[in-house]
Amino acid sequence: MDIVLMGAPGAGKGTQAAKLENALGFKHISTGDVLRAEIASGSELGNQIAAVIDRGDLISDEMMVSILKNVVSGTDKNIIFDGFPRTVAQAEMLNNMLVQLGRKLGKAIEIALPEEEAVRRLSSRKQCKLPSGEVRQIGPDFTLADCQAQRGELFTRTDDTPEHIRHRFSVYHKQTEPVICFYRSTGLYAEVNGNADCQKVFDDLLAVLKQ
Ligand code: AP5
Ligand code: MG
């Protein structure tokens, strides 16, 4: 069964999806990471995507779904979708894609976090680019010391400036919050409190997945 992990920018989707991947063997698909990898490849598509992400806006639904389809069809594992769907149209397209691929969505879980706390977390978030090109986020499972020890380079995401963070929240309220109502109406929706330490949020997610 696949899972959708929802939440505002900075709610902890990426952090928790990585933990679930390690613990339960899911395939973690972060659409933000997929898009940033396309940008890093230097392709023409990547250049178009960079302009949109740098504004804090959303990639078009059609482009997002066509990029995602290749990633989804390449795995037999259960998937955690992180940052997708972000519009009701994407949620409908996801349903169709899963039916076509013979997959099933089991839960759509929102990590709920007050905006103030999310802004605080995003304002201090750091990434580490390893010599291999792999990007790791600094957090409990990969610390600043790990980054230094592996001769990584610290950087900040281009959309983590105060101005971009504000814009991402306005996009979230307008375009992504309706997805929560969409999943409430399907009975797949569950919420966990993101305003707790990483382990507590993780335990709560595991409890929801066992229901
Ligand atoms: P994306 O990369 O998905 O960004 P986002 O949704 O804004 O979410 P973030 O990745 O910023 O936050 P997160 O919830 O993963 O939190 P994290 O775990 O990092 O998307 C970026 C852009 O790509 C979009 O703006 C859009 O342009 C485009 N895009 C992506 N998907 C798209 C789609 N489907 N359609 C169209 N366009 C799309 O945690 C944040 C920080 O908090 C970290 O520093 C972490 O260490 C820390 N932290 C986490 N948990 C805790 C905790 N419990 N306590 C304390 N600190 C914590
Ligand atoms: Mg993320």
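Every heavy atom of this structure was used, including side-chain atoms; hydrogens, water molecules and symmetry mates were not. Both counts, for ligands and for their atoms, begin at 1 and track the order of listing.
- A donor-acceptor pair shorter than 3.5 Å can be found between the side chains of Q199 and D203.
- Members clustered with V208: I3, L5, L20, L24, F26, I80, I109, I111, V192, V201, F202, L205, L206, L209, by chain and number, using a 4.5 Å side-chain heavy-atom cutoff among hydrophobic residues.
- Minimum heavy-atom separation, V179 to R86: CG2-C, 3.8 Å.
- Exactly one residue among I53, V119, L122 makes a side chain to side chain contact (heavy atoms under 4.5 Å, CB included) with R168. That residue is L122.
- Within 6.0 Å of CD on E134 lie more than 12 heavy atoms contributed by other residues, nucleotides or ligands.
- The one candidate from Q137, R36, R136 that meets the side-chain hydrogen bond (donor to acceptor under 3.5 Å, both in side chains) condition with Q127 is Q137.
- Protein residues having at least one heavy atom under 4.0 Å from any atom of ligand 1 are A8, P9, G10, A11, G12, K13, G14, T15, T31, G32, L35, R36, I53, D57, L58, I59, M64, G83, F84, R86, Q90, R121, L122, R125, Q137, I138, R157, D159, R168, A196, D197, C198, listed by chain and number.
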